[in-house]
Protein chains: 2
Amino acid sequence: MTNKSNLNNLTKSEEDYLKALFQLLVEDDSEKVGNNLLADYLNVSPASTNNMVKKLKTKNYVVSEKYGKLDLTEQGKSIAVRLIRKHRLWETFLCKYLNFSWDEVHEVAEQLEHIKSSKLIDELDRFMDFPEKDPHGEIIPNADGEYAVLPKIMLSSLAEGEVCKLIAVDDGSVNFLKYVSEIGLALSSEIKVIEVREFDNSIRIQFNDTIETVTRKFADNVFVKKLV
Amino acid sequence: MTNKSNLNNLTKSEEDYLKALFQLLVEDDSEKVGNNLLADYLNVSPASTNNMVKKLKTKNYVVSEKYGKLDLTEQGKSIAVRLIRKHRLWETFLCKYLNFSWDEVHEVAEQLEHIKSSKLIDELDRFMDFPEKDPHGEIIPNADGEYAVLPKIMLSSLAEGEVCKLIAVDDGSVNFLKYVSEIGLALSSEIKVIEVREFDNSIRIQFNDTIETVTRKFADNVFVKKLV
DNA sequence: TTGATTTGTTAGTCATGGCTAACTTTTTTA
DNA sequence: TAAAAAAGTTAGCCATGACTAACAAATCAA
């Protein structure tokens with residue numbers, strides 16, 4: 001009883017809300033996702049969000065009780081995963097074939113993910129030989145909508161002396177991505193935590209013979225795998 | 001004094017109208033393009049068209065006098081050519097790399113042409129090694145917006161006995177493209193006019209050992225180059 | 001040339017998806 | 001536990017871009 005035949009008659013806005021909700025619920029694994037958090041995430045007013053949520057509830061993509069937290073139905077999740085698949089495949093294409101850099105892909109992929117054609121995205125997938133991860137290191141859902149979240153460890157959770165490999169960064173902000181690139185960090189960079197400063201939570205890290213100090217906020221957005 | 005730095009803050013609708021107007025004016029080389037013709041072409045009501053034309057006039061993309069015919073400004077043309085460039089490059093990409101057939105590309109390209117990123121389209125152009133023609137045989141405008149119309153001769157203009165090569169088809173209708181493919185015609189097919197029937201304007205043509213009868217309407221949408 | 005037909009325009013309506021301002025409910029905290 | 005803060009909701013507004021119905025201008029044809 002999989003919902004395969006989705007005509008996907010959703011507007012760009014509806015899709016944006018569903019994807020955002022999914023990212024807050026599943027990827028960020030938030031405790032409670034409410035109206036205002038979703039509004040904040042999308043940079044719209046709570047009133048707009050309330051409106052849209054109402055609409056998505058009647059369409060059976062979202063469930064919630066009055067004044068209660070929001071959740072996605074299986075249908076809603078399915079739409080969101082499909083969008084994430086499209087987003088990540090396009091990001092991969094832009095980087096691997098069209099000379100886009102890490103920090104340039106997000107904005108264009110945000111547009112491309114709304115193109116409606118399953119043939120397009122499945123053929124793009126095939127053309128690139130079914131890549132498993134996007135340029136930010138995130139796993140790309142397959143055509144059946146199977147979704148896996150990387151077991152993410154934040155750089156900020158490491159102790160002094162530990163060594164890790166960069167596997168992903170939060171791609172929500174262009175400025176952040178630009179900064180990550182600029183200081184010379186890239187996917188698979190090996191990072192060693194030199195010092196954790198208690199008083200302001202900043203962290204001194206070493207990579208490629210470079211030493212940098214980064215803020216806690218920065219370290220919260222960088223996901224790594226511990227090395228031994 | 002070329003207008004290069006176009007922020008292109010146009011909506012999808014505005015772009016659609018400009019492109020349609022361009023196609024009627026320049027590609028179809030129509031005598032007089034009025035409100036209703038444009039409305040018809042876009043499948044919207046004359047009232048909607050009137051509304052939009054008014055808006056595009058204040059934005060300096062369109063010129064016209066009250067109750068007079070419509071025309072594009074240089075700015076308007078520039079936008080339209082850019083859209084046509086994007087459309088044709090995407091069509092080429094879909095056919096050459098993503099296994100789309102002749103008749104499938106149009107609909108998806110209609111969506112893709114609205115993606116806003118000059119880097120995207122210029123890199124796509126480079127990736128395909130600057131193709132000159134799209135899968136329907138139309139010339140692709142280059143990055144500077146230089147536009148060339150193929151000197152088109154309609155199949156319907158040939159006399160009995162003449163031989164020609166198919167160089168382009170009008171890609172306005174999916175059904176038409178499908179039909180062209182189905183009867184076995186392709187770009188560069190050699191076609192011989194066997195018979196022109198005066199009473200209903202139908203034409204009997206021969207190609208690849210096949211003989212088919214096609215209507216006048218069909219022959220009006222098939223563009224050829226005469227052979228000797 | 002005058003009436004009919006076609007073409008263009010205007011007014012007013014609707015849906016979508018934003019917004020602010022004001023209000024209500026829930027949660028926090030003093 | 002009661003007041004303050006935060007979160008959620010509602011009402012009412014705006015722009016965009018469709019629509020229909022009614023009207024005006026231009027063109028065609030008898």
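Note that the structure is a prediction, hence the values are computed from the model and not measured. Residue numbers start from 1 in every chain, and the chains themselves are labelled A, B, ... in the order their sequence lines are given, proteins ahead of strands.
- Taking atom NZ of B:Lys12 as the reference point, atom C1' of C:dT16 lies 15 Å away to the nearest angstrom.
- Contact check on A:Arg88 versus A:Asp125 returns no salt bridge, with no Lys/Arg side-chain nitrogen under 4.0 Å from an Asp/Glu carboxylate oxygen.
- Of the candidate nucleotides C:dC19, C:dT9, D:dG8, D:dG8 has the atom lying nearest to any side-chain atom of A:Asn35.
- The NZ atom of B:Lys69 sits 18 Å away from the C1' atom of D:dA25 (whole-angstrom rounding).
- Taking the side chain of A:Ser13 as heavy atoms from C-beta on, and the options C:dG17, D:dT20, D:dA24, the nearest nucleotide is C:dG17.
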**Request:** List the steps, then state whether side chain to side chain contact (heavy atoms under 4.5 Å, CB included) holds for B:Leu72 with B:Ile79.
**Result:** CA-CA 10 Å; B:Leu72 284 164; B:Ile79 303 278; over 6 Å; no

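- Set against C:dG17, D:dA7, C:dG8, the side chain of A:Lys32 has D:dA7 as its closest nucleotide.
- We find that CD of B:Glu65 is positioned 11 Å from P of D:dA26, with the value rounded to whole Å.
- Side-chain atoms of B:Thr11 lie closest to D:dG17 of the nucleotides C:dC19, D:dG17, C:dT16.
- Remark: P of D:dA7 and NZ of A:Lys66 are 19 Å apart, rounded to the nearest angstrom.
- In this entry the distance linking NZ of B:Lys55 with P of D:dA15 reads 12 Å, nearest Å.
- Remark: B:Asn51 is not in phosphate contact with D:dG17, judged by side-chain N or O atoms under 4.0 Å from OP1 or OP2.
- When the side-chain nitrogen and oxygen atoms of B:Lys54 are compared with OP1 and OP2 of D:dG17, none of them lie within a distance under 4.0 Å.
- The residue among A:Asn43 and B:Val33 whose nearest nucleotide of DNA chain C is located toward the 5' end is B:Val33.
- Between B:Tyr17 and D:dT16 there is no side-chain polar atom (N or O) within less than 4.0 angstrom of OP1 or OP2.
- Positionally, the nearest nucleotide of DNA chain C for A:Val44 lies more toward the 5' end than for the other of A:Tyr67 and A:Val44.
- When all heavy atoms are compared, the tightest approach of A:Cys95 to A:Trp102 is SG-N, 4.3 Å.
- Rounded to a whole Å, the CD atom of B:Glu31 is 15 Å from the P atom of C:dT7.
- Set against D:dA7, C:dG8, C:dC19, the side chain of A:Asn36 has D:dA7 as its closest nucleotide.
- Counting only heavy atoms from C-beta on, B:Ala47 has its side chain closest to D:dT20 among C:dT20, D:dG17, D:dT20.
- At the phosphate of D:dG8, neither OP1 nor OP2 sits under 4.0 Å from any side-chain N or O atom of A:Thr49.
- By the 6.0 Å contact criterion, CD on B:Glu107 is open, its count of non-hydrogen atoms from other residues, nucleotides or ligands being 12 or less.
- A salt bridge is absent between B:Arg82 and B:Glu15: the closest approach of a Lys/Arg side-chain nitrogen to an acidic carboxylate oxygen does not fall below 4.0 angstrom.
- Put simply, CE on B:Met52 is 16 Å from P on D:dA15, counting in whole angstrom units.
- Out of C:dT9, D:dA18, D:dA7, the shortest distance to the side chain of B:Ser48 is found at D:dA18.
- For A:Leu38 and C:dG17, the CG to C1' distance is 14 Å, given to the nearest whole Å.
- Between B:Arg126 and B:Glu123 there is a salt bridge, since at least one side-chain N of the basic residue sits less than 4.0 Å from a carboxylate O of the acidic one.
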